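For reference, the structure is listed below as structure tokens.
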Amino acid sequence: MHILRNSLPAQPRGNAAVFFCLAAVLSVLLTFSCASVKKIVGEPTVSLKSVSIDSLDFEGITFAAQYTVTNPYPVGFSIKQVAADILCGQQLYTSLTTSEGLTVAKRASTTNTLLVKLPYDTILSYASADTSKKALPFTVKGNVAVDLSAIPYVGNTLNIPFTKDFDVPVFKPRLSVSDVHVQLPSAAKLKESFTKSGMGAIKAASLAASLITGRDIPQDAFKGVDMDIKLTFNINAANGGGAPWQYTVTDCAIRSSSSVIAEAKASSGGAAAIRAGSGTIPMTATLSTAHAGAFIIRLLTKKGGDPEFALKSALTFTGLPYQANIPLACTRTFPVSKVTAAQ
């Protein structure tokens, strides 16, 4: 007897086999894609080679951590956020978070800077156990979050860590101006200059005596008179910490009501520099009576506003891995009542 077998039930089993085979192949492809994109193409990287000093003022030091993000993919992506901790040893000083919004083009790199300012008082506080220390060990440690949602098989956000150690100079600058002195010519020289301007001999002699004694000096004493008078003063520089440094005055302008009266130079004729922890730089300026007569009278009579000294300087931390001649600018005033004058 022949038994008839229905062949239809065998067909679903064949379709199922094909389905499961395709699913397995797709799963392998997907697994290969997710795992292999990073192996074949690579991953985005963050490079933070060094931390430099961005600027100095009389409040603190601003450091710049320059980092570079590299994109190995054939599609661009954006930087969502940069977060970092600033630590002194193991102690947290501050945390920084920035929303960058920068785009890194395909197969390219972009560089940006993370800035942090350390007040001098904070630095000295960390070094309070030993202010003679040259530097303190700091670390910038964080991560860059990049948006990879446009890149297939990779994911949405990738956090790339970075860390860098750097030295912070134990430092606090102190600058002042002292010993402002008007160096008058001799009585004979003053009389000669006055008579050359057309003044009578008796009046010239009387005016010269008034200038030397500092009494009864008229406000227009130098009207029509052209002669040079020396002004000397000291720039005093000191460091409140133990970092080795070199201080150089690159420019010094004497001002009155924001107007420049004269430029001053080192009295020695050499570089206006201090190469130790503290010191004094003698400075000299030449005041022309034709240009600065009223200013000179103010100094001699000790009346009016205080003179201003606009200082531009350059600092170098010797023995530390920072650039030389970092700019530092300030303005110092000196009480006009304390200005001295003599021949």
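When a residue number appears, it is its place in the shown sequence, counting from 1. Remember, it's a predicted structure, so these values are computed and weren't measured experimentally.
Note: the hydrophobic cluster containing Ile212 also contains Val182 (ILVMFWY, side chain heavy atoms under 4.5 Å, direct or indirect links). Taken together through direct or relayed side-chain contacts under 4.5 Å among Ile, Leu, Val, Met, Phe, Trp and Tyr, Leu87 and Val82 form parts of separate hydrophobic clusters.
At least one donor-acceptor pair under 3.5 Å links the side chain of Asn239 to the backbone N or O of Ala243. Using a distance-only test at 3.5 Å, with no hydrogens or angles considered, no donor-acceptor pair links the side chain of Thr284 to the main chain of Thr232. Of the possible donor and acceptor atoms, none in the side chain of Ser313 sits under 3.5 Å from a partner among the backbone N and O of Val249. Checked by atom type and distance alone, the side chain of Arg332 pairs as donor or acceptor with a backbone atom of Leu175 at under 3.5 Å. Thr195 contributes no side-chain N or O that, together with a main-chain N or O of Ala201, makes up a donor-acceptor pair within less than 3.5 Å. Between the side chain of Asp121 and the backbone N or O of Leu124, no donor-acceptor pair lies under 3.5 Å. Looking only at distances, a side-chain donor or acceptor of Ser128 sits under 3.5 Å from a matching main-chain atom of Ser125. Without hydrogens or angle criteria, Thr122 side chain to Leu118 main chain gives no donor-acceptor distance under 3.5 Å. Formation of a donor-acceptor pair under 3.5 Å by the Asp147 side chain with backbone atoms of Thr157 is not found in this model.
Taking 4.5 Å as the limit, every side-chain heavy atom of Asn234 sits out of range of all side-chain heavy atoms of Ile281. Between Phe162 and Val144 there is a side-chain heavy-atom pair separated by less than 4.5 Å. Lys134 has its side chain within reach of Pro244: a pair of non-hydrogen atoms, C-beta onward, lies under 4.5 Å apart.
When each of Cys252, Ser178, Ser267 is tested with Phe233 by the rule side chain to side chain contact (heavy atoms under 4.5 Å, CB included), just one qualifies, namely Cys252.
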Are Asp85 and Ser95 close enough, and set up right, to give a side-chain hydrogen bond (donor to acceptor under 3.5 Å, both in side chains), and what steps lead you there? CA-CA 4 Å; Asp85 290 337; Ser95 295; 2.7 Å; yes
Pair Phe317, Phe171 - check ring-ring contact (aromatic ring centres under 6.0 Å, His included), show working. CA-CA 10 Å; Phe317 294 105; Phe171 170 72; 4.9 Å; yes
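Cation-pi geometry between Arg107 and Phe77 is not satisfied (NZ or CZ under 6.0 Å from the ring centre, within 45° of the ring normal).
A distance of 4.0 Å separates CZ of Phe58 from CG of Leu328, quoted to the nearest 0.5 Å. Annotation: the span from Met227 atom CE to Leu287 atom CG amounts to 11.0 Å, rounded to 0.5 Å. Atom CZ of Phe222 is separated from atom CD1 of Ile229 by 4.0 Å, given to the nearest 0.5 angstrom.
With hydrogens and angles left out, the side-chain atoms of Asn236 and Ser176 include a donor and acceptor closer than 3.5 Å. Side-chain atoms of Thr68 and Ser109 form no donor-acceptor pair, as typed in the model, at a separation below 3.5 Å.
Phe166 and Phe63 have tilted rings, their planes meeting at an angle from 30° to 60° on a 0 to 90° scale.
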